[in-house]
Amino acid sequence: MRIYNTMTGKKEEFVPVTPGQVRMYVCGITVYDHCHIGHARSAIVFDVMRRYLKYKGFNVTYVKNFTDIDDKIINRAKQEGITWDVVAEKYIEAYYRDMDSLGVAGADIEPRATGHIREIIDFVKGLIDKGYAYEMQGDVYFEVEKFADYGKLSKRDLDDMLAGARVDVNEKKRNPMDFALWKASKEGEPAWESPWGPGRPGWHIECSAMSRKHLGDTFDIHGGGADLIFPHHENEIAQSEAYTGRPFVNYWVHNGFITVDREKMSKSLGNFFTIKEILNKFDAEVIRFFLLSTHYRSPIEFSDEQLRESEVSIDRFYTTSARLSDFLKQDHSREKACPDEKLLIDLLAKFRDKFAEAMDDDFNTALAIGHIFELIRVVNKYLDGKPSGRKAVELATKTGDFLKEAGGALNVFRRTPEEWSRALMSIKCPELTEEFIMTRIGDRQAAREKKDWAASDAIRKELEERGIVLEDKKEGTGWKVKISG
RNA sequence: GGCGGCGUACCCAAGUGGCUAAGGGGGAGGUCUGCAAAACCUUUAUGCAGCGGUUCAAAUCCGCUCGCCGCCUCCA
């Protein structure tokens, strides 16, 4: 399989350090606020990578950290009149709630910065000993000029950056680009004892210390949002490679941004939507599907229309899924081939390869989803031919299995059509009950038997206005939550 | 200013040298249906921002132009 590496700017054949084993580290969140959909994208994208690598048979160790101490957390604690650790705890809990609903599994190891103060201090000490860092009034800074490769990930050199000069003037630094490894704490701020006095870790050092502890000096994949390339990941490389003298990471993987009105969604612009608020209007699977329907490195424009389109697509999937299971429940004592069965047979023969090929090419979930919908169309056409018998059951079963398998790798399409329907109902028409709908369908059926089309259509219209569409089929009348418009 | 990315139909979106340019939504026509809905079929890009170039062959490589965006400051 091939993975795009930010370091080289190319897709590269993926070769893990240890055959059969993948070690990956993804930068998690700073826990000072609710997650927005940008965090959801990163979480889902790397969740899919991890799932797919496992699906391919790799033994994956996935580490994702929580930054649970920094200025933003301290500020939030002041605002809310609680301590920093309560803030962290509160938003870690909120994070888990959001991730749970989005189908994002927990990482194998979820280290917190404050749980690794000793490792961090050792790391900083080592950098000072090796001459890459210096202490200044209780702060410790990494000296970027000492690290020859500084800028290799983000493709910039120190002189250019200094010329741009939107950097802090800080008298304590030898070079304005030097960054803090350790920060002396002010009076009343959270502090840990260190050789340089009471203080707390800088932002970047935790990832170097924790990834090394849990994954070793050199590991396979390091990921995060594209906005972490500089300075965060650049600084991690400097720290880690200066400390160990070894290559830090083999594949750097970064997801693209979510935009609103073509502008990056971000905290500072204030144009963000939290996962929590989107979940009031859409099912979590809609968010997940939406984020996977575009390649992970491309920007995605976020809007209600886009989510609605995703909702329609998912509904199409579950409609076919229901159709398949209904079909399998039918009487198949009579053997009848469908004239279009060759199309389905051919596609089934290729489907798993096509799906894997898409995912193998830098996790092309958009293409993979396209293949799923191609299969949906072909099997619908097949079922339209009203086949029956052993062969038909076999083909339908196989189709269902493949759809389940592909959906499983992406962690979408894993519910029953009934569960999907109930989920939609609780969002779109929570005041209705299935009992009520069934009663009205019964009333309408009575009218239909009397060929009282006016009465029958009135009931159908009434239900549609309340968000339910009816479908008359041979076996009886079915209903669905209306989603378009 | 430095560095990077993007521009594919009415909309979203795959495709990065060679089979008829995936898939979804929308539109139009049709099959099915009491009428619908769903599903299916046909149709909707001789063309991939524009202009040049390389090549037997380009949406795909190179150059220029136009437009949009990102990073260079906390940020997924």
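Source: prediction; values computed, not measured.
Checking rA76(B), rA22(B), rA38(B) against the side-chain heavy atoms of Leu367(A) singles out rA22(B) as nearest. Comparing rC71(B), rA76(B), rA38(B) against the side chain of Ser42(A) picks out rA76(B) as the nearest. Listed nucleotides rC71(B), rG70(B), rA14(B) differ in distance to Ala366(A); the shortest reach to its side chain belongs to rA14(B). For Ser268(A), the side-chain atoms get nearest to rC74(B) when compared with the rest of rA76(B), rA39(B), rC74(B). Checking rG34(B), rA14(B), rC72(B) against every side-chain atom of Ser456(A), the shortest atom distance belongs to rG34(B). In this structure, the nucleotide among rA38(B), rC74(B), rA39(B) sitting nearest to the side chain of Lys480(A) is rA38(B). Taking only side-chain atoms of His39(A), from C-beta outward, the nucleotide of rC40(B), rA14(B), rA76(B) with the closest atom is rA76(B). Of the candidates rC71(B), rC40(B), rA38(B), rC71(B) carries the atom nearest the Arg156(A) side chain, counting heavy atoms from C-beta on.
Along RNA chain B, the nucleotide nearest His36(A) and the nucleotide nearest Ala454(A) are compared for position; the residue whose nucleotide lies closer to the 5' end is Ala454(A). Ranked by how close their nearest RNA chain B nucleotide is to the 5' end, Ser154(A) and Cys27(A) are led by Ser154(A).
Pairing for rA76(B) is absent, judged as Watson-Crick or G-U wobble with the two contacts each under 3.5 Å. Both distances falling under 3.5 Å, in either a Watson-Crick or a G-U wobble arrangement, occur for no nucleotide opposite rA13(B). Under the Watson-Crick and G-U wobble criteria, each requiring two contacts below 3.5 Å, nucleotide rC35(B) is left unpaired. rC61(B) is paired with rG53(B) under the criterion used here, namely a Watson-Crick or G-U wobble arrangement in which both key atom distances are under 3.5 Å. Under the Watson-Crick or G-U wobble criterion, with both distances below 3.5 Å, rU46(B) is left unpaired in every strand shown. Nucleotide rC19(B) is matched to nothing when pairs are restricted to Watson-Crick or G-U wobble geometry with both distances under 3.5 angstrom. With a cut-off of 3.5 Å on both Watson-Crick or G-U wobble distances, the partner of rC6(B) is given as rG67(B).
In this structure, His233(A) places its NE2 atom 11 Å from P of rA76(B), rounding to the nearest Å. In this entry the distance linking CD1 of Ile229(A) with P of rC71(B) reads 10 Å, nearest Å. Taking atom CZ of residue Phe257(A) and atom C1' of nucleotide rG4(B), one finds them 11 Å apart after rounding to whole Å. Look at CZ on Arg308(A): it is 16 Å from C1' on rG24(B), rounded to the nearest Å. rG24(B) atom P lies 18 Å from atom CZ of Phe290(A), rounded to whole Å. Atom NZ in Lys354(A) sits roughly 14 Å away from atom P in rG15(B) (whole-Å rounding). The separation between Tyr91(A) atom OH and rA76(B) atom C1' is 18 Å, rounded to whole Å. The CD-C1' distance, from Glu475(A) to rA38(B), rounds to 12 Å in whole Å.
Ring planes of Trp252(A) and His233(A): tilted class, angle from 30 to 60°. Relative orientation of the Phe413(A) and Phe317(A) rings is parallel, given thresholds of 30° and 60° on the angle between their planes.
Looking only at side-chain heavy atoms (C-beta outward), Asn65(A) and Glu110(A) stay at 4.5 Å or farther from each other. The shortest distance between side-chain heavy atoms of Arg440(A) and Arg444(A) does not fall below 4.5 Å.
Rounded to whole Å, the separation between the P atoms of rA59(B) and rC74(B) comes to 44 Å. The C1' atoms of rU20(B) and rG26(B) are separated by 24 Å, rounded to the nearest whole Å. On the C1' atoms, rC56(B) is 24 Å away from rC51(B), given to the nearest whole Å. Comparing rC10(B) with rC48(B), their P atoms sit 13 Å apart, to the nearest whole Å. On the C1' atoms, rA13(B) is 8 Å away from rG24(B), given to the nearest whole Å. With both ends at atom P, the span from rA76(B) to rU43(B) equals 48 Å, rounded to whole Å. Taking the C1' atom of each, rG15(B) and rG7(B) are spaced 15 Å apart, rounded to whole Å. Separation of the P atoms belonging to rC19(B) and rC61(B) is 16 Å when rounded to the nearest angstrom.
Within 4.0 Å (heavy atoms only), Glu464(A) reaches no atom of the nucleic acid at all. Counting any heavy atom pair closer than 4.0 Å across all strands shown, Lys72(A) reaches sugar-phosphate atoms only and no base atom. Base contact: Ser266(A) has a heavy atom under 4.0 Å from a base atom. Within the 4.0 angstrom heavy-atom criterion, base atoms lie near Gly38(A). Gly256(A) comes within 4.0 angstrom of a nucleotide base, judged by non-hydrogen atoms across all strands. Within the nucleic acid shown, Ile37(A) has no heavy atom closer than 4.0 Å to any nucleic acid atom.
Between the side chain of Asp457(A) and the base of rG34(B), a donor-acceptor pair under 3.5 Å is found. Residue-to-nucleotide contacts include no donor-acceptor pair under 3.5 Å from the side chain of Arg377(A) to the base of rC40(B). A donor-acceptor contact under 3.5 angstrom links the side-chain atoms of Asp472(A) to the base of rC35(B). A donor-acceptor contact under 3.5 Å is formed by the side chain of Arg460(A) with the base of rA36(B).
A cation-pi arrangement is absent between Lys398(A) and Phe351(A), since the terminal nitrogen or guanidinium carbon is not both under 6.0 Å from the aromatic centre and inside a 45° cone about the axis. Cation-pi contact between Lys64(A) and Phe46(A): absent, since separation from the ring centre below 6.0 Å together with deviation from the ring axis within 45° is not met. For the pair Arg174(A) and Tyr141(A), the cation-pi test (distance below 6.0 Å, angle within 45°) is failed. Annotation: cation-pi geometry satisfied between Arg297(A) and Tyr4(A) (NZ/CZ under 6.0 angstrom from ring centroid, within 45° of ring axis).
Taking only side-chain nitrogens and oxygens, Arg297(A) never comes nearer than 4.0 Å to OP1 or OP2 of rG5(B). Between Asn364(A) and rG15(B) there is a side-chain polar atom (N or O) within less than 4.0 angstrom of OP1 or OP2. Note on Asn255(A): every side-chain N or O is 4.0 Å or more away from OP1 and OP2 of rA76(B). Regarding contacts with the backbone of rC71(B), a side-chain N or O of Lys264(A) is found under 4.0 angstrom from either OP1 or OP2.
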Return the polar atom pairs (N/O with N/O) between nucleotides 6-12 of chain B and the protein under 3.5 Å, or none.
| unit_1 | atom_1 | unit_2 | atom_2 | d |
| --- | --- | --- | --- | --- |
| rC12(B) | O2' | Gln306(A) | OE1 | 3.1 |

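In summary, the aromatic rings of His222(A) and Tyr251(A) are positioned with their centroids too far apart to meet the 6.0 Å limit. In this structure, Phe257(A) has its ring center no closer than 6.0 Å to that of Phe302(A).
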When the side chains of residues 340-347 of chain A are checked against the rest of the protein, which donor-acceptor pairs come out under 3.5 Å, sequence neighbours left out?
| unit_1 | atom_1 | unit_2 | atom_2 | d |
| --- | --- | --- | --- | --- |
| Glu341(A) | OE2 | Lys391(A) | NZ | 3.3 |
| Lys342(A) | NZ | Asp346(A) | OD2 | 2.8 |

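In this structure, Asp71(A) pairs ionically with Arg200(A), as a charged nitrogen and a carboxylate oxygen lie closer than 4.0 Å.
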